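As the structure is a computational prediction, the values presented were derived from the model and not from experiment.
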Amino acid sequence: MNVTELARQLKITTNELLEMLPELGFHIGARAIKINDSLIDKIKLAYIQHKKKVKFQEDEAKIKEIKISDKKETTADNEKIIHIEDNIIVKELAEKMNMPINRVMTELMRNGIMISLNSTMDYDTASIIAEDLGFKTEKISNEKKEIEKDIEKGQKLEQLLEKDSKKTKRPPVVVVMGHVDHGKTKLLDTIRTANVIDNESGNITQHIGAYQVELGGRKITFLDTPGHEAFRGMRSRGAKIADVGIIVIAADEGLKPQTIESIELVQKENIPFIIAINKIDKPEADIERTKTMLSEINLIPEDWGGKTICVPISAKEGKNIKELLEMINLLSDMEDLHADENRKAIGTIIESHVDKNLGPIATVLIQTGTLKLGDEFITGDISGKVRSMIDYKGEKLNSATPSTPVAVLGFKGAPHVGDIFNADIDRNEYKNLKKQTIKLQTTTSTNPQETKEDESQLQLNVILKSDVIGSKEAIIDSIKKISKPEVNVKIIKSGLGNITDKDILDAESSSAIILGFHVKTNPNAELMAKEKNIEIKNYTIIYKLLEDLELKIDKMIIPQMIREQIGEGLVLKIFKTLPKKMVVGVRITKGKIFVNTIVKVLRGAELITIGKITGLQSGREEVNEVSSGVECGIEFTGETIIKTEDILEFYTEKNS
Ligand code: GDP
């Protein structure tokens, strides 16, 4: 074969091929024109392997680069680094940077963020503002702080569990981790649907934060929240709760930064893990490359003579899922997974929310002992008595044994995720705490928002789902501040984790909107929401969530006003779009318009947004009014989403 022909097949130039051949181990001469046919396949194979190696080295280099640059950022300029928690109040940010509050407010406005000096910003927003002002930021996670605070508690729990007589073998608790989009959620869904046997009463399976499957008469408990946020949150304030980790790696992408992080986390905690090489159904899947990448970080696959268990799977097609479950069983056989069934239960809260009708409900992962109906318990500073227990199948239980996740009713308040649940308590300790809780409830119920609502006041019901407690609490605080006298925003339920079917049902029964923060909507919940016309909005930045909510409140208030239309116009041109402001060219088609009047923006029959005229120009002149038939420039303040051909309706308003 001609050298040029082979080069063409390999998609490189002839010169490139000639230069590369000695490197691949073929010495045919720098000026050769033909290559012996018997060598062609060997050269092709060597070339493909060479390319894989180069790509692998590039990927590796990328991973390292990310790590190094992370480090660089935190050590570069010590004086100018400020430490921020998950959330920060504007005023505090100014203090941290030792800057006048006005500088910070101006910077916020320049970024289109209209908040007051007492408002809370999330880390990302604060970090952008700080960087614009010449500071580097480093995150102190609330979660981390809480974990540190609770280390003592955790040690106590670890000691308690240590002391167990450990007579009963208990199922392993599994956590699924890995890089985003590598298939963690899909894997959890596939395992759940394929292995949770429908129960006799025909209940729909419940999302309670964990579920169990059975293989060969043995149970395995899966924590239902994928990702290492969940892992970190739960590892937690108590003893570690996961016994086995599954690290999902998509075979078409290989190792990515979050994969490495996940591996580091489980290694740090000494949790044995299995690598699930996923998406092997895809034509681009390259299992060998993934294994090579693993070897490079010293995780040598078992079939290559190492100790790392790798199971190639397809979560999508359900391929090798049984093998994966078998591996979990095998791995947990090597661990000493025992507990004491014959004692009062101790566990960890893995999910917690308040139901409008049922009150606080929390899922407890029982770590030792047996929890029974009627058991009294303490968790954090909340007391309670088990009134009812439901498992992941929605079935009522009378008792729950070690490694069982169970949703418990009977908490006097909503406990925090990660809190230790302790039913093995001293009677006096319990009584004291019970008294305190009752006192706390009487004082909080004097909150006017929660007692008697003004009858003429409108109410906006909200269900809030977020990723971590820190952001949940910050959002709830901020929402309280944006309630207006005319509209009471009521958070009827708040919880952690993805938006589920249950949230849609709750939203339907209470006519609520659902706000998600750094969470996803489960596919089925999304379908249900469409069917039932439930509004779901997902956010990643707190101020955006608050801004939208404020707009929604304003839209509710406007019908309460006496509103008089004074004119109408057609948008001809968009001149300028600034943060929060637009300058648009408009032909006034009806009536007469003034500065400082309200503008409704309509696209066809749909109301797009409502804003205000904050400036009027006719020709080059600033004017105060413009009449029908005239073309003018309007400065519009509000959401900057006006397009040409939108209809503007102008109103004056006064309170009814
Ligand atoms: P997560 O971010 O790790 O939870 O990833 P997801 O479970 O949401 O999966 C990301 C995308 O990959 C989704 O579109 C899945 O349908 C898809 N996916 C997951 N597992 C597989 C698989 O085994 N094969 C294929 N072809 N696609 C998959």
Check for a donor-acceptor pair, side chain of [X] on one end and backbone N or O of [Y] on the other, with a separation under 3.5 Å.
{"X": "Gln565", "Y": "Gly567", "answer": "yes"}
{"X": "Asn87", "Y": "Thr120", "answer": "no"}
{"X": "Lys184", "Y": "His179", "answer": "yes"}
{"X": "Ser352", "Y": "Ala362", "answer": "no"}
{"X": "Asn522", "Y": "Thr500", "answer": "no"}

**Prompt:** Between Glu253 and Lys282, does at least one N-O distance fall below 4.0 Å, as a salt bridge requires?
**Reply:**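 No salt bridge links Glu253 with Lys282.
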**Message:** Taking Lys544 first and then Asp548, would you say they form a salt bridge - that is, a charged N and a carboxylate O separated by under 4.0 Å?
**Reply:**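 The answer is yes: the pair qualifies as a salt bridge.
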Do [X] and [Y] touch side chain to side chain, with heavy atoms closer than 4.5 Å?
{"X": "His353", "Y": "Ile361", "answer": "yes"}
{"X": "Ile463", "Y": "Ile499", "answer": "no"}
{"X": "Thr363", "Y": "Ile349", "answer": "no"}
{"X": "Lys493", "Y": "Asp503", "answer": "yes"}
{"X": "Lys256", "Y": "His182", "answer": "yes"}
{"X": "Val583", "Y": "Gln617", "answer": "no"}
{"X": "Lys532", "Y": "Leu505", "answer": "yes"}
{"X": "Lys91", "Y": "Asn118", "answer": "yes"}

Say you draw a straight line from [atom1] of [X] to [atom2] of [Y]; how long is it, rounded to the nearest 0.5 Å?
{"X": "Gln459", "Y": "Asn488", "atom1": "CD", "atom2": "CG", "value": "5.0 Å"}
{"X": "Leu265", "Y": "Ile260", "atom1": "CG", "atom2": "CD1", "value": "12.5 Å"}
{"X": "Asn533", "Y": "Ile504", "atom1": "CG", "atom2": "CD1", "value": "11.5 Å"}
{"X": "Met121", "Y": "Ile84", "atom1": "CE", "atom2": "CD1", "value": "7.0 Å"}
{"X": "Glu568", "Y": "Ile588", "atom1": "CD", "atom2": "CD1", "value": "9.5 Å"}
{"X": "Lys279", "Y": "Asp252", "atom1": "NZ", "atom2": "CG", "value": "5.5 Å"}

Which atom pair, heavy atoms only, marks the closest approach of [X] to [Y]?
{"X": "Phe135", "Y": "Met99", "value": "CE1-CE, 3.7 Å"}
{"X": "Thr137", "Y": "Ala130", "value": "CG2-CB, 3.6 Å"}
{"X": "Phe594", "Y": "Ile613", "value": "O-CD1, 3.3 Å"}
{"X": "Asn461", "Y": "Ser511", "value": "CB-O, 4.0 Å"}
{"X": "Val584", "Y": "Ile574", "value": "CG1-CD1, 3.6 Å"}
{"X": "Ile492", "Y": "Ala512", "value": "CD1-CB, 3.9 Å"}

**Prompt:** How far apart are the C-alpha atoms of Leu93 and Ile82, what are their side-chain angles, what is the distance that settles it, and do they pass the side-chain contact (heavy atoms from CB on, under 4.5 Å) test?
**Reply:** CA-CA 9 Å; Leu93 179 66; Ile82 49 168; 3.8 Å; yes
**Request:** Would you sort out whether Glu631 and Lys573 count as a salt bridge (Lys or Arg N to Asp or Glu O under 4.0 Å), showing the intermediate values?
**Result:** CA-CA 11 Å; Glu631 285 179 12; Lys573 198 164 176 190; over 6 Å; no
**Message:** Could you walk me through whether Ile128 and Glu131 satisfy the side-chain contact (heavy atoms from CB on, under 4.5 Å) test, starting with their C-alpha distance in whole Å, then the side-chain angles of each, then the deciding distance to 0.1 Å, before giving a yes or no?
**Reply:** CA-CA 5 Å; Ile128 292 168; Glu131 274 182 28; 6.0 Å; no
**Message:** Counting only heavy atoms from other residues, nucleotides and ligands, does the tally under 6.0 Å from CD of Glu284 exceed 12?
**Reply:**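 Check passes, neighbour count above 12.
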**Message:** Between Lys520 and Thr185, is the side-chain contact (heavy atoms from CB on, under 4.5 Å) condition met? List the steps.
**Reply:** CA-CA 10 Å; Lys520 289 188 196 170; Thr185 313; 4.0 Å; yes
**Prompt:** Under the criterion side-chain contact (heavy atoms from CB on, under 4.5 Å), which of Asn596, Ile593, Thr597, Asn624 is the partner of Leu616?
**Reply:**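 Looking at Asn596, Ile593, Thr597, Asn624, the match for Leu616 under the side-chain contact (heavy atoms from CB on, under 4.5 Å) is Ile593.
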**Request:** Carefully, step by step, assess Leu546 and Ile479 under the rule side-chain contact (heavy atoms from CB on, under 4.5 Å).
**Result:** CA-CA 7 Å; Leu546 296 173; Ile479 288 182; 3.9 Å; yes
For residues 632-640, which side-chain donor-acceptor pairs fall under 3.5 Å, sequence neighbours excluded?
from   : atom 1 : to     : atom 2 : distance (Å)
Glu635 : OE1    : Thr614 : OG1    : 2.6
Thr637 : OG1    : Lys581 : NZ     : 3.3
Thr637 : OG1    : Thr614 : OG1    : 2.8
Glu639 : OE1    : Thr609 : OG1    : 2.9

